[in-house]
Amino acid sequence: LLQGFMSSSKFEIPFQLIDSISVDGPYASTVKLNSGITLKLEVSQDVTYRNSGILVQSAGADPKYLKWKEVKTIDFQ
């Protein structure tokens with residue numbers, strides 16, 4: 001689940017519903033859902049600078065660790 005807040009609403013979104021995540025600087029990320037809905041999420045460790053990073057696994061390649069500050073966009077398609 002990807003967690004974040006928009007205004008005072010908390011979102012917990014299963015990754016299979018996410019099309020992409022775009023980092024909007026240290027305090028927020030824009031999450032585009034497969035349905036076309038776009039959410040700008042804040043506060044949570046999942047979508048801000050408090051996220052340590054992600055592990056990227058591509059077919060046939062070794063996993064690669066990226067620090068969150070190196071991430072611009074994650075496409076799940």
Nearest 0.5 Å, please: how far is NZ in Lys32 from CD1 in Ile18? 13.0 Å

Output the distance between atom OG1 (Thr38) and atom CG (Leu33), rounded to the nearest 0.5 Å. 7.5 Å

Ser29 vs Leu41 side-chain heavy atoms within contact, under 4.5 Å: no

Could you report the tightest heavy-atom contact between Ser44 and Gly4, atom names first, then the distance? CB-CA, 3.5 Å

What are the two closest non-hydrogen atoms of Asp46 and Gln3, and how far apart are they? OD2-N, 2.7 Å

For Tyr49, give me all partners under ring pair (Phe, Tyr, Trp, His ring centres under 6.0 Å), at least two apart in sequence or on another chain. Tyr27

Linking I/L/V/M/F/W/Y whenever their side-chain heavy atoms sit closer than 4.5 Å, directly or via other members, would Leu17 and Phe5 fall into one cluster? no

More than 12 heavy atoms of other groups within 6.0 Å of Asp62 CG: no

The reported gap from CG in Leu66 to NZ in Lys72 (rounded to nearest 0.5 angstrom) is 11.5 Å

Check: Ile21 and Val71 side chains under 4.5 Å, non-hydrogen atoms: no

Kindly give the heavy-atom pair with the smallest separation between Glu42 and Thr48, and that separation in Å. C-CG2, 4.2 Å

For Glu12 against Pro14, the heavy-atom pair lying closest together: O-CD, 3.7 Å

Quick check against the 3.5 Å criterion: does Asn34 have a side-chain atom that pairs as donor or acceptor with the backbone of Gln16? yes

Which distance, rounded to the nearest 0.5 Å, do you find between the CG of Asn51 and the NZ of Lys67? 13.0 Å

If you group Ile, Leu, Val, Met, Phe, Trp and Tyr by side-chain heavy-atom gaps below 4.5 Å, do Val47 and Ile37 land in one group? yes

How many angstroms lie between atom NZ of Lys40 and atom OG of Ser22, to the nearest 0.5 angstrom? 10.5 Å

With rounding to the nearest 0.5 Å, note down the distance linking CZ in Phe15 to CG in Leu1. 8.0 Å

